[in-house]
Amino acid sequence: RKEVEQDPGPFNVPEGATVAFNCTYSNSASQSFFWYRQDCRKEPKLLMSVYSSGNEDGRFTAQLNRASQYISLLIRDSKLSDSATYLCVVNSGANAGKSTFGDGTTLTVKP
Amino acid sequence: EPEVTQTPSHQVTQMGQEVILRCVPISNHLYFYWYRQILGQKVEFLVSFYNNEISEKSEIFDDQFSVERPDGSNFTLKIRSTKLEDSAMYFCASSRTGRVGEAFFGQGTRLTVV
């Protein structure tokens, strides 16, 4: 089983749609969780951290379920500019150390 | 906005040659990382560096790899004898706090081994 497993995708949605991605992790000792965004052939950029209580940033909502060991990302009112690969990142320590990236889920938003 | 810069953006090298990939982290950052991403695959952690020494490394980071902070501003990754399978995008990242979610990535160096 992979340490971090994401929805395989790709997701193709129309503008304005709501889309959700899931990510599961195998290490129950994992401590910190993040969603990154990666545009084609570019560097990963932090989209948002994921907190136990769930958190929202504009159109983006992240949730963490420790009992089931998964995190999710919800994008509302999707825009063309949201087209990218979304990476789930899990870290088992307080420091960055061996952070584990998921394979990524590709989203294409179409007009 | 401060950024992590990497040079070169693309390097082509012959198998067996040594390469040095260079990174200039954000100036007040204390933690430095190298990751790689083989084309079409996921981002993989290689090594983290703090206080002038390696703090963690992955199984990928074998004896062929080394890192150095030679002059207080640059952070380099050396691959001693490149193999075809070393072809990948190499990302440098730096962080002030050491938390992965607070790490900024450089734009990457695409290494092509022929």
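Proteins come first, then strands; the chains are lettered A, B, ... in the order of their sequence lines, and each starts at number 1.
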Heavy-atom pairs under 4.5 Å with chain A, option from B:Ala93, B:Gly40, B:Gly106 with the top count: B:Gly106

Taking [Y] as the starting point, is it possible to reach [X] by hopping between hydrophobic residues whose side chains are less than 4.5 Å apart?
{"X": "B:Val24", "Y": "B:Phe75", "answer": "no"}
{"X": "A:Phe33", "Y": "A:Leu73", "answer": "yes"}
{"X": "B:Ile38", "Y": "B:Val12", "answer": "no"}

Nearest 0.5 Å, what's the CG-NZ distance between A:Leu87 and B:Lys42? 11.0 Å

Which one of A:Lys45, A:Met48, A:Gln38 has the most heavy-atom pairs closer than 4.5 Å to chain B? A:Gln38

State, yes or no, whether a side-chain contact exists between A:Arg41 and B:Leu39 at a heavy-atom distance under 4.5 Å. yes

Side-chain heavy atoms of B:Phe105 within contact of A:Tyr36, under 4.5 Å: yes

Distance-only donor-acceptor check, side chains B:Tyr35 and A:Ser99, under 3.5 Å: yes

Under 3.5 Å side-chain donor-acceptor pair for B:Gln6 and A:Glu43: no

Taking everything shown except [X] itself, do over 12 heavy atoms lie less than 6.0 Å from its [atom1]?
{"X": "B:Gln107", "atom1": "CD", "result": "no"}
{"X": "B:Asp63", "atom1": "CG", "result": "no"}
{"X": "A:Glu3", "atom1": "CD", "result": "no"}

Go through the atoms of B:Gln41 and report whether side chain, backbone, both or neither lie under 4.5 Å from a heavy atom of chain A. neither

